[in-house]
Amino acid sequence: MDVPLYLRPRVDPPLASLLTDRPFLHSLVDALGSPLNVLLPEAVAENAARFRAVYRRHHLTGRAYFAHKANRSSALLRRLAAEDPATVGVDVASTEELRHALGCGFTGDRIMATGPKDAAFLWLAARVGATVNLDSPGELERLSGLVRAHGLGRVAVLVRLSGFEHATGHGGAGTRLLSRRSRFGTPVRDSEALLSALERNADAVEFVGAAYHMDTTGVEEKARALEQCVLFMDECRARGLAPRALDIGGGFGVGYVAEAEEWERWTTALTEAVLGVRPPLTWRGHGYGLRNEGGTVRGAAALYPAYRPTAGPGYLDELLSLPAPVLGRPPATLLLEHLHDLYIEPGRSLVDQCGLSLARVLDVRPADMDAGQYLVRLAMNAGDMSLEEHGVLVDPVLLPRGEAASGDGEPVGVYLTGNLCLEGDLLTRRLVFLPRLPRAGDLLAFANTAGYAMDFHAHHAQRQPVARTVAVERRDDSWRWCPDEDYWPITPLGGAIG
Amino acid sequence: MRYDSITEAIGNTPLVRIDPAVHGLRNIDLYAKLEMLNPFGSVKDRPAWHMARPHLEAAADGDGTVVELSSGNTAKALALLAGMHGARFKSVTNRMRVPEIKELLLLLGAEIEELPGRSECLDPTDTDDPLTHFHRALSDPGSTYLHTDQYFNPRNVEAHAEGTGPEIVKDLDGRVPDWFVACVGTAGSSTGVARVLREHDPRVRVLGLVAHKSDFIPGIRTIDEVHQVGLFDPATYDTIESVTSDEAIDGMITLIRRCGMLSGPTGGAAYQGAVRQLRYADAELDGTGQRRTAVFIVCDRAESYLSYVRQRRPQLLGRTGRGHSASAVTNAEARAEARVIDVDDARRWSAEGDPRPLVVDLRSPHAYAALHIEGSVNIVDEVFEDLLRGGLPFSKRTPVLLACPVGEKSLRYAAVLSRMGHPDVRSLAGGIVAWRDAGAPLVRE
């Protein structure tokens with residue numbers, strides 16, 4: 001066997017200290033079953049504070065809206081609801097998410113309704129005074145119709161823009177920054193129709209500002225979009241409207257892998273495996289989107305950039321500091337000078353380090369004796385823990401059952417398979433290296449799954465148990481827990497003191 | 001030397017010996033092949049002309065557009081060559097990471113398309129990637145695109161096999177160097193030169209240099225990226241080593257300051273990588289009385305990489321301050337020395353003051369145009385900073401009210417103006433934001 005290709009997870013306190021408490025985590029799974037999701041509500045508040053610090057550094061005001069779809073937990077939402085209303089809100093994309101947010105303590109004015117919306121969703125959002133992030137002039141007309149028909153108050157709206165690369169007039173001559181086409185939002189070139197619709201429906205809606213959300217890790221594209229929105233809002237002001245907030249979406253990213261070197265070694269090895277100059281390091285030679293054409297690698301690796309030197313608040317800081325392409329001033333300066341509030345929607349990065357998913361090892365058997373590889377079957381399936389589905393490659397942490405078992409044994413390469421009777425139910429298509437061979441009864445902990453990876457794809461196929469979720473908190477020397485639905489941010493876990 | 005066209009000046013670049021006192025090798029003569037002295041400034045002039053020539057001569061009506069995936073020197077050469085032949089040039093790239101090069105390309109009349117960043121949320125159904133669009137557009141039967149395809153075009157290698165390689169042999173009096181060192185970008189120069197040298201003498205050792213994986217050196221690919229290059233064949237190289245941007249800049253500085261060679265970072269990387277590698281061989285030669293020869297390529301010139309250097313080694317471009325500057329004022333000094341005025345008092349002062357203060361808005365003209373305090377003048381902070389270097393820009397008899405977004409920058413400038421002897425300058429507390437929040441009027445004219 002080669003040197004083991006680890007991709008060990010980045011774990012900061014308090015998640016790191018939770019992972020060292022093996023008896024506690026084993027007792028949770030013994031009592032509540034596998035799979036099990038564990039959340040740290042205090043960590044989400046810490047993250048919100050980190051984003052606030054970036055705002056402060058740039059003298060900006062405005063809210064971070066948590067993207068509810070990243071995690072359906074009540075504990076996280078309730079903990080965020082307890083934060084300063086002026087700085088933390090929630091972004092909901094369905095009627096049920098809206099009801100949940102209200103039930104967790106968010107008042108309507110802290111809620112933003114986004115995504116595809118039906119009439120009930122629009123009506124409830126309007127009824128409770130939420131801000132509606134409009135996808136198109138058509139949606140604006142439907143909303144205005146509801147407001148008039150049901151005698152509701154004026155609804156605060158943001159307009160979601162897209163297609164910034166086609167914007168004309170201000171772009172530097174000869175340069176076109178391409179972007180992936182989005183199916184959401186109104187193309188900037190069609191903004192005239194949007195503006196006249198806003199003016200026409202001014203009795204029903206109050207125009208608060210513009211929004212964009214881009215599927216890219218490219219800071220330059222976002223800086224360009226931000227600047228185009230500032231220019232758009234100036235145009236709105238010239239027409240007598242009074243926008244005051246710019247929503248720049250999320251996509252600030254999370255660093256999953258701790259060491260750059262491990263990430264680099266693994267991705268290089270993938271290229272070499274695709275070229276056939278080293279043995280495959282994936283199930284059936286899967287190339288994650290790379291292919292070998294006559295000795296040259298083609299295609300793009302469909303992988304989340306799992307090691308990231310800057311992510312989350314750091315990424316926001318970088319974006320706000322980058323000179324904008326037309327006006328030359330950094331986005332933070334543009335926002336400040338034009339007197340705009342900044343709204344952000346960090347989903348994944350707001351719940352960075354906020355949770356983990358636990359699975360019990362059911363069975364271990366050889367996969368390839370010559371190569372020393374094993375299949376490790378878990379009481380969990382690819383729907384319960386979908387890091388792989390999101391292209392995130394990161395190792396689980398092995399939590400042996402026995403006391404003495406942690407140190408002994410040799411590193412071993414395993415494929416993690418799920419509990420469904422499907423060839424495709426692999427938790428990793430990648431050969432995962434563990435410090436020793438697991439045994440039935442051990443636990444594997446997948447760190448940092450709170451953003452999209454914990455229950456985003458969970459389902460009842462084949463009637464396997466869906467994970468329960470608990471909230472945990474460190475008090476004195478021990479961890480306390482309660483079911484996610486029983487968590488409230490007003491009393492310490494495990495009962496009130498005084 | 002008299003030519004009819006600038007293209008005739010491509011090639012025949014000098015081979016210059018590096019002073020042993022600089023590199024410290026006792027038994028090896030190290031030569032630099034100064035490709036930066038090609039007419040468009042780089043080693044890419046050769047393949048660009050060799051690849052584009054058939055296209056440009058075939059499309060003599062000047063209707064076509066030459067396209068290439070390039071963010072640097074190939075684009076530069078192709079843009080000039082296309083321009084000479086009445087054609088257009090379009091570069092498609094993963095990002096122009098060096099701003100000067102982007103601006104230079106725009107000056108040359110190039111059109112630039114930058115590809116989007118990586119997807120943040122994986123979408124397995126994504127078929128919309130711009131590279132696919134690019135190739136689709138090229139294969140369109142009605143397309144007038146002339147694709148030079150530098151990463152796969154054998155003429156890229158040929159240009160060096162017919163030019164660069166034979167020139168090195170000729171300048172070494174028909175001998176082949178013992179080592180040839182080249183950075184790997186398209187692999188064109190290393191492959192072409194290596195082929196010719198091996199034909200003369202198979203004992204030549206070829207060192208290919210790639211960029212350290214997490215690092216960025218313009219013009220060099222990382223070890224993973226070279227595998228995406230059609231011209232790259234690992235068998236070309238006896239050794240492949242990686243270099244860091246730090247080493248590249250070290251090498252560049254040595255070549256510039258000690259050898260008089262105005263090399264860019266790629267040449268610096270080649271020099272530094274060569275010396276690092278040759279040091280061992282040199283030690284083994286001690287006492288044997290043998291001499292060896294090595295050649296490396298200086299790909300291009302330094303001027304286009306100033307911002308690259310500024311970002312990574314700002315001290316090399318350190319400027320000493322002159323005159324008054326707001327950045328020289330600490331926060332504590334600004335708080336101690338500047339006068340502030342709150343919104344209510346400022347409103348009264350600007351309406352009833354005798355004389356009334358000059359209100360200076362330090363924001364960008366664009367923000368000023370959108371909304372500002374009536375009667376204020378706009379001097380954007382960067383310009384104001386320059387003005388102050390020259391002296392006090394206002395009469396001491398004119399009171400001044402400085403305003404910026406939140407009252408932080410204006411505080412510094414108020415402190416500087418006070419230091420310069422202005423008797424009555426005040427900073428608007430809380431800035432334009434506080435002014436707006438207090439409900440004071442802002443106008444758009």
Side-chain angles (χ1 to χ4, degrees), chain A residues 59 61 165 172-181 214-222 230-231 233-234 237-238 250-253 260-261 264 267-268 270-272 274-275 277 294-298 300 302-305 309 326-329 333-334 336-339 348 389-392 452, chain B residues 90 92 95-96 102-103 105-106 109-124 126 128-131 133 151-152 212-214 222-225 227-234 362-371 380-382 404-406 408 431-433 436 442 444:
Chain A
H59 306 290
T61 49
E165 69 173 84
T175 306
R176 202 155 79 96
L177 187 56
L178 302 180
S179 277
R180 243 167 249 105
R181 194 175 143 197
M214 297 177 94
D215 174 23
T216 180
T217 57
V219 167
E220 292 90 351
E221 283 167 84
K222 291 184 179 175
V230 168
L231 296 171
M233 299 216 292
D234 277 354
R237 277 180 175 165
F252 306 138
E261 226 171 79
E264 287 171 9
T267 43
T268 295
L270 176 67
T271 305
E272 291 168 355
V274 167
L275 286 173
V277 299
T296 300
V297 174
R298 305 305 286 269
L303 295 178
Y304 188 88
V326 180
L327 302 173
R329 318 268 282 178
T333 310
L334 283 182
L336 194 57
E337 291 189 336
H338 288 258
L339 313 176
R348 199 194 290 265
E389 175 113 4
H390 290 279
V392 177
Y452 292 103
Chain B
K90 176 151 101 178
V92 182
R95 281 295 178 265
M96 293 272 166
K102 182 169 170 176
E103 291 184 343
L105 284 173
L106 292 173
E111 224 182 287
I112 301 169
E113 283 192 357
E114 295 185 65
L115 300 172
R118 304 186 59 165
S119 180
E120 173 63 26
C121 303
L122 274 194
D123 175 4
D126 186 8
D128 213 29
D129 78 290
L131 212 52
H133 277 305
Y151 294 105
F152 289 84
H212 203 67
K213 191 164 167 181
S214 57
T222 68
I223 187 64
D224 287 1
E225 288 166 347
H227 291 299
Q228 299 159 7
V229 175
L231 302 176
F232 176 79
D233 175 2
L362 298 165
R363 298 175 303 154
S364 70
H366 204 266
Y368 173 81
L371 282 177
V380 65
D381 50 21
E382 292 156 4
C404 73
V406 289
E408 193 188 50
I432 304 283
V433 167
R436 175 203 58 186
L442 289 168
R444 188 187 171 90

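Throughout, a chain's letter reflects where its sequence line sits, starting with A, and its residues are numbered from 1.
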Completion exercise
Honestly, the part of B/Lys102 sitting under 4.5 Å from a heavy atom of chain A is side chain
Handout entry: Any side-chain heavy-atom pair of B/Val433 and A/Thr61 under 4.5 Å
Key = no
Exercise for the section: Could you check if a side-chain atom of A/Thr296 sits within less than 4.5 angstrom of a side-chain atom of B/Val229, using non-hydrogen atoms only? Expected result: no
Handout entry: chain B contact via A/Leu339 - which portion, at a heavy-atom distance below 4.5 Å
Key = both
Practice task
Determine whether A/Leu231 and B/His366 make a side-chain contact, defined as any pair of heavy atoms from C-beta on separated by less than 4.5 Å.
Solution key: yes
Handout entry: A/Glu337 (side chain) donor-acceptor with B/Ala367 (main chain) under 3.5 angstrom
Key = no
Exercise for the section: Counting only heavy atoms closer than 4.5 Å, note whether B/Val380 contacts chain A via side chain, backbone, both or neither. Expected result: side chain
Exercise for the section: Would you check if A/Thr267 and B/Lys213 make a side-chain contact, meaning some heavy-atom pair closer than 4.5 Å? Expected result: yes
Exercise for the section: Side chain from CB out, backbone as N, CA, C, O: work out which of these in B/Leu362 comes under 4.5 Å of a heavy atom of chain A, or both, or neither. Expected result: backbone
Handout entry: Contact origin within B/Ile223 toward chain A - heavy atom pairs under 4.5 Å
Key = side chain
Handout entry: Listed partners of B/His227 passing side-chain hydrogen bond (donor to acceptor under 3.5 Å, both in side chains), at least two apart
Key = none
Exercise for the section: Examine whether an atom of B/Phe152 lies under 4.5 Å from a heavy atom of chain A, and if so say whether it belongs to the side chain, the backbone or both; otherwise answer neither. Expected result: side chain
Problem - Partner set under salt bridge (charged side-chain N to carboxylate O under 4.0 Å, His left out) for A/Arg237, not counting sequence neighbours - result: none
Practice task
List the steps, then state whether salt bridge (charged side-chain N to carboxylate O under 4.0 Å, His left out) holds for A/Arg329 with B/Asp381.
Solution key: CA-CA 11 Å; A/Arg329 318 268 282 178; B/Asp381 50 21; 2.8 Å; yes
Completion exercise
Value for OG (B/Ser214) from CD (A/Glu261), rounded to nearest 0.5 Å, stands at 9.0 Å
Handout entry: A/Thr271 versus chain B, the contacting section by heavy-atom distance below 4.5 Å
Key = side chain
